[in-house]
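I have placed the structure first, in the form of structure tokens, so that the comments after it can refer back to it.
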Amino acid sequence: MDAEKKALVFDVVCAGFAPAELDGWNALTGFSAWSEYLDACETIANDECSVLTDVLASGELMALRHPLGFEEVRAFAARHFTGGLPQSAVPVESLYRAGASGVPAYDGISARYMGDLISSMELDVPERLVSTPDHVAVEAGLAASLYRSDESLADSFVSERFTWLADYRLALVALHDDDRMFFCALIDVVLALVECVRSRKHEAISEINLERK
Amino acid sequence: MQFEPIWGVPIALYLFLAGLGGGAFIASAFVHWKNPDAEVTRKAGHFIAPVVVAVGLVLLMLDAQGGFHNPLRFALLLHNLGSVMTWGVIFLAAFEVIALIAAILEIVKRAVPLWLEAAGSIFGVCVGAYTGCLLGVVKTFPLWNNAILPVLFLVSAISTGIAAVILASLIAAPKEAEELDELKGFHYWMPVVELVLVVAMLFIVNSAGDAAHASVASLLSGAWAPAFWLGFIVIGLVGPTLVETYLQRAKGANERALGIGSEAGVLIGGYLLRMMIVMAALPITLTVAWL
Amino acid sequence: MARYGMLINTKKCVGCYTCVAACQRQNNLLPSEQFIRFEERETGVYPTLNVETIPLQCMHCEDAPCAAVCPTGAAHIGTDGIVQVDQGRCIGCKYCMAACPYQVRVVNEETGTVDKCRFCTVSANDGTAMCSCVEACPTGARIFGDLDDPDSEISKAIAETNAQPIAGDLTKSKVFYVR
Amino acid sequence: MSGNAISRRGFLAGTAGVIGAAGLAGYMSFDAWEQAYADDSEKHGTVSTVHSLCNGCSNKCGFTAYVVDGKLRKLIGDERHPMAKGKLCARGYAYAEIAYSKDRLTDPLKKNDKGEFEAISWEQALSEIGDKVKEIVSSDGPGALMMVQDPRPSGSYYAKRFMAALGSPNVYTHGAACYESRESAIKQVIGSNSWTSDVANAKMTIFIGRSYADGLRPAALMAVEKAHEAGSHIVLIDPRFTNSQKFADEWVPITPGTDLALVLAMCQVLVTEDLYNADYVAANAVGFDEFRQNIAQYTPRWAAEKTGVDETTIKRLAHQMAEAAPACSIESGWRGPSGCQYKNSGELARAVACFNALLGVYNQKGGALLYPGVSAGKLDETKFPSTPKPQSAQVGSDEFPLAVDGSALAAVKAADEGKIKGFFSYNANMVGGYSNPSYLASVVSGCDLSVCIDVQMSETAAACQYVLPDTSYLERSELPAFASGAVPSVSMRTQVIDVVHPNTKPVDEIFTELAKACGVGQYFDFTMEELAKAQLASVGVDVDAARQMGTVYFNDKAFSYGTTPKWKTPTGKIQFASDACRQAGYEATPSWVEPETMPMGNELRLIEAKQPIHSHTMTANNETLMGITKKYDLTRAWINRSFAERLGIEDGDTIEVSNEKFTGTIGVHVTDRIVPGALYLPSAYGVSVKEQHTAYGVGLRPADFLAFNLEPGYGSTMSHEACVTVKKVNA
């Protein structure tokens with residue numbers, strides 16, 4: 001699976017979970033672009049190490065085929081990606097990992113890592129995400145950019161960074177909102193992709209060992 | 001102050017299985033010596049021993065979260081020779097090696113040398129007694145901190161070991177089971193000894209301060225009373241003894257079923273003994289009695 | 001080589017839990033990791049009553065039963081007699097938790113290792129004021145210091161009030177109580 | 001196709017989402033980073049210190065925050081701060097976790113038609129609220145707006161100024177559920193709202209329904225400890241044997257709601273046995289004759305029957321106080337029986353003030369001190385224009401004329417009658433506990449406009465249309481906090497850590513922008529720092545020095561013993577008799593008033609009080625504090641041992657507590673530490689908002705058992721006027 005397809009998967013997550021502008025979203029979900037994305041999902045699904053097909057519930061498959069419009073994405077984000085509500089599922093990594101104080105809280109260890117990483121790579125983050133550098137949109141955006149620059153580096157970043165999405169998916173599924181299926185689908189695609197990248201990485205490592213023996 | 005037991009079912013199961021493994025090996029060594037032709041029974045004993053001890057060790061590792069997160073640390077277990085647990089690890093390691101060798105020899109149909117049976121049995125006794133000492137040295141819990149506990153655990157270990165072996169032979173080779181008279185003879189008296197030991201222990205512990213009294217009370221009349229009276233005393237000790245006495249006189253038709261029932265009772269009683277001792281014990285009262 | 005100890009005056013303890021909250025803040029502990037536990041004794045008959053709150057924490061015993069039983073050497077008596085738990089060696093077998101007669105050791109749910117009061121008052125690493133239990137107690141019920149130094153505040157206080165360990169000679173405890 | 005639709009510039013170092021070589025070189029894996037970070041986290045961990053004020057309760061103790069790499073590490077109480085004196089309490093250390101709390105509000109919220117909250121932009125929130133306010137002001141006048149705020153340094157100034165700018169006088173504190181009756185009644189007697197008992201130097205101090213060790217202010221707790229060690233005679237009159245028993249000599253258990261009878265009888269003893277300071281009374285007081293005649297009826301025998309305190313004790317206490325005078329006082333109380341809990345709270349506060357007057361203890365060493373305070377002087381009118389005088393009287397001031405701060409609950413009644421259309425709340429949770437939560441929630445959500453400004457979702461926020469996210473107290477600097485005291489002082493809250501959520505705003509910015517949206521921006525044409533600088537300059541203090549020191553003292557205004565205070569009453573004298581009280585329907589001089597309700601048969605009076613680790617429900621969502629609550633089962637109700645035995649209830653059982661308003665089950669602590677006729681519930685639990693994951697569903701809330709009913713004349717919530725029945729629930 002080529003790097004551009006992987007980058008596209010992360011572009012969609014990046015735009016979906018931090019909806020900013022109408023045209024940005026429409027560009028991604030336009031017929032040609034979206035079929036490219038579905039094609040990427042297809043390749044992931046067919047990849048022998050991925051378990052995407054049985055993970056994708058029927059609802060999710062249907063949702064993937066008809067992506068939500070920008071207004072629906074923005075409204076979903078307004079209802080569920082804001083903090084302090086029972087129906088909140090804020091997509092920030094440190095909220096799904098017990099931090100130093102043992103309680104999931106903002107500014108956890110993943111936030112400090114991503115913050116240091118972004119500054120050392122001289123990248124800049126949109127103003128409203130600057131305080132949550134481990135927001136899924138920031139991590140996905142970085143992954144997409146990495147895939148367009150250095151695939152092996154991207155692979156190692158992706159295999160390390162996105163394991164928390166499984167816990168996040170549980171929070172998403174628990175929401176009483178039909179549109180959640182679309183967002184769960186985006187997450188499942190990433191999880192499946194990460195799974196492939198991780199298992200491919202192990203094979204790569206084991207091959208190297210074989211050669212060395 | 002509500003007291004939450006420090007160790008739970010995994011550790012109780014570990015203590016039970018470690019003891020049972022030791023006892024099973026000793027039983028199969030005995031069978032090897034006294035009933036050479038009881039092939040299946042001996043093999044059963046030699047297979048049970050390493051397997052149950054291995055299961056016990058896995059349970060121990062699962063419960064020791066710190067080690068489970070970084071397994072290399074288990075190597076450090078040999079650091080403090082003053083700790084009973086370090087000795088326990090040494091005995092268990094030695095015993096497991098011997099038991100595995102014995103099991104492999106059985107598989108490749110080579111005779112298990114007598115010296116190996118003897119060494120295995122000695123380590124079997126050590127493993128059985130160590131579990132009692134592990135708790136015995138702890139002053140915090142009067143129910144543990146007495147000289148009888150290691151003996152009680154050893155007797156229970158051998159008793160449950162024999163029970164497992166007899167149970168296996170009753171199931172796999174009923175004919176051989178009928179020949180095991182000496183083994184059954186020993187086994188007949190073990191629950192009686194255990195009963196005497198338990199009564200003596202609880203009697204002495206009961207007078208060792210209010211934490212001790214509270215622990216004994218919780219066994220005899222408190223939350224653990226059903227498990228103690230029904231599970232341990234009736235099913236674990238008295239039941240098997242009655243059945244064995246009956247079986248010795250009347251070799252009735254359903255002798256096999258009754259035998260299986262009584263051996264199973266001993267095993268259940270053995271596990272309940274460990275669980276109750278571990279989880280019913282209350283710590284020394286500093287200022288306020290633990291409820 | 002100092003021999004650090006603590007004095008706790010339960011006649012001044014009003015049961016306000018400030019010490020355990022400050023300890024958690026000073027040592028960045030989990031909410032479930034409470035290095036101080038409290039026993040409360042209500043005596044007397046209505047209406048003439050007395051309620052005693054007794055804070056209990058690691059006594060840093062000189063004959064520490066925890067160190068004696070710890071198979072990996074994680075629990076050990078460190079410099080200046082402070083009983084420490086090497087988080088790098090602890091496998092979380094909880095044997096020390098059983099062996100400690102004061103029941104003051106807790107499991108760190110995240111790492112699975114066991115930890116307890118570290119007498120952090122002595123090691124203010126960044127050289128600044130402490131918010132350990134001793135400094136935080138609003139009624140000044142705690143004194144910390146070197147038991148080997150006869151002129152230290154704690155030595156004098158122990159002598160003056162004839163402070164005793166909470167459980168007599170159960171262990172050679174280095175925490176003394178005025179009750 | 002650009003890699004990033006989410007941002008204008010996004011991560012682009014180069015074009016089309018490609019990272020240049022330099023950028024890639026900066027990459028480090030998590031393990032590498034953790035290794036590097038762990039190694040020199042100590043070395044490069046730059047420690048900075050900042051003075052701030054705790055927000056755990058209204059004491060606002062000063063502390064020094066130690067910050068390493070932008071993250072808060074530890075807090076040390078400031079020695080110089082008058083309330084802290086070097087110490088904080090458990091809340092001080094633990095409440096700091098709010099900054100990174102998972103349950104924090106991060107964006108302005110608005111309820112959609114399905115009643116669910118949705119994040120909206122600040123622009124949308126401000127313009128919609130602004131239009132609504134202008135609509136209400138034009139149709140019903142500014143008097144149809146109300147604001148409830150629990151005073152904090154910036155909050156109390158900005159909230160008041162915002163409403164005043166709009167012309168509305170309806171700004172209320174939490175007083176009606178805390179101190180209203182006490183401060184209003186004391187003001188009727190001595191012209192000041194309260195006094196501070198000089199406990200440390202007193203020969204004897206009586207505490208009525210007040211525990212310095214539960215409602216914990218470190219300085220006060222240290223004072224009562226010092227008094228105890230100096231042999232001062234400390235008496236606790238309370239239905240409960242509270243934590244202050246450690247420093248007390250005597251517990252006088254009393255039937256709840258009857259403290260007034262006890263104090264009246266003690267006054268009677270002083271007057272009839274001529275033990276009062278006649279010269280002092282003659283020189284400083286009016287209406288004493290009327291008081292003397294009226295008080296005669298309240299004999300100790302009469303009081304003994306009312307209070308359950310035997311006659312000899314009542315007489316003895318009066319005699320001992322007379323002996324100890326003037327180095328003695330009855331402590332003023334806080335939220336207790338004189339604050340807001342009974343129908344006779346106001347009268348109790350008046351009786352206590354009169355008792356102290358009889359012994360002439362005001363401003364005496366060891367007595368009741370009226371501490372001087374300093375407040376900001378006149379500011380430059382051009383920069384800080386004074387707001388217009390409101391045309392209408394404050395809502396509720398007609399029905400409750402005595403209320404010194406006004407009663408928020410009176411305004412709620414008016415809102416229920418449609419007179420109030422716009423509701424604002426800042427740093428306060430009225431719906432959560434001022435009176436019956438379901439009633440208050442219905443009134444607030446019934447308003448045309450309801451806005452709540454808070455740091456996390458609360459019962460009040462959940463009832464509102466709009467919720468605006470405040471920063472936590474650690475992420476903002478605030479106006480100077482002036483405090484009266486032996487030496488009046490001013491303390492500063494300075495920003496400790498960077499703002500965690502970019503879409504949250506500090507309170508001063510929120511009100512400034514709200515004012516602009518409502519068209520009264522001209523009164524907010526300044527920044528908080530400019531105002532702080534001006535306020536401090538007006539009293540000769542430099543703002544940077546103040547922020548550097550944390551607390552600055554005005555030694556020239558220090559208090560001195562023996563000075564006779566200027567009685568700021570209408571008569572300029574201590575008023576044993578008060579016209580205002582007479583007009584409000586009370587006797588001129590303090591008289592017995594029967595509580596609203598008394599427990600009958602097996603009923604118990606429900607009493608609630610603070611625990612040292614909580615500030616009512618505000619700290620319930622804190623992991624560390626709730627960890628302590630859960631470990632020691634602090635949610636348990638208390639009932640008296642002999643009463644429990646009659647009903648076959650044992651310690652640790654679960655009981656059902658019920659009355660006509662509410663029914664709930666809770667664990668019970670059977671103890672001698674409470675009088676037989678009462679059931680005690682801690683006031684910190686029973687949070688009913690799911691958003692507070694840690695607090696939700698833990699324990700019972702006393703306010704649920706309370707009917708909405710206000711104390712005549714004062715408008716307080718009468719929080720103990722509820723009786724309940726209990727029965728064992730088989731587990």
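Nothing here was measured: the structure is a model prediction, and the numbers come from that model. Quick note: numbers below take in every heavy atom, side chains included, and nothing from hydrogens, waters or symmetry partners. Here is the naming used below: chain letters follow the sequence lines, and residue numbers restart at 1 for every chain.
A donor-acceptor pair under 3.5 Å is absent between the side-chain atoms of Thr106(D) and the main chain of Thr82(A), judged by distance alone. Glu160(A) places no side-chain N or O within donor-acceptor distance of the main-chain N or O of Ser29(D), the cut-off being under 3.5 Å.
The choice from Gly83(A), Ser88(A), Ala7(A), Ser156(A) that makes the most heavy-atom pairs within less than 4.5 Å of chain D is Gly83(A). Contact tally against chain A (heavy-atom pairs below 4.5 Å) for Gln692(D), His501(D), His693(D), Lys110(D): the top residue is His501(D). Residue with the most contacts toward chain A among Tyr696(D), Phe117(D), Tyr27(D): Tyr27(D) (heavy-atom pairs, distance under 4.5 Å).
Proximity to chain A (any heavy atom under 4.5 Å) is restricted, for Glu116(D), to the side chain, taken from C-beta onward. Heavy-atom distances place the side chain of Leu109(D), and not its backbone, under 4.5 Å from chain A. Residue Asn503(D): no heavy atom, backbone or side chain, is found under 4.5 Å from chain A. Contact of Asp498(D) with chain A is not made at all, since no heavy-atom distance falls under 4.5 Å.
A heavy-atom distance below 4.5 Å is not found between the side chains of Leu95(A) and Tyr100(D). Taking the side chain as every heavy atom from C-beta outward, Val90(A) and Lys102(D) never approach each other to under 4.5 Å. Under the 4.5 Å side-chain criterion, counting only non-hydrogen atoms from C-beta, Val500(D) is not in contact with Asp107(A). Phe30(D) places a side-chain heavy atom less than 4.5 Å from the side chain of Arg161(A). Within the 4.5 Å cutoff, no side-chain heavy atoms of Phe81(A) are placed close to those of Asp107(D).
The minimum heavy-atom distance linking Pro502(D) with Ser131(A) is given by the pair CD-OG, 3.0 Å. Looking at every heavy atom in both residues, Arg79(A) comes nearest to Asn112(D) through CD-ND2, 4.1 Å. Pro86(A) and Glu691(D) get closest at one heavy-atom pair: CD-OE2, 2.8 Å.
The structure places CE of Met28(D) at 5.5 Å from CG of Leu117(A), a figure rounded to the nearest 0.5 Å. In this structure, CD in Glu118(D) is found 11.5 Å from CZ in Phe76(A), a value given to the nearest 0.5 Å.
Judged by the 6.0 Å distance and 45° axis criteria, Arg104(D) is not positioned over the aromatic ring of Tyr106(A).
Summarising the local packing, NZ of Lys111(D) is surrounded by more than 12 heavy atoms from other residues, nucleotides or ligands at distances under 6.0 Å.
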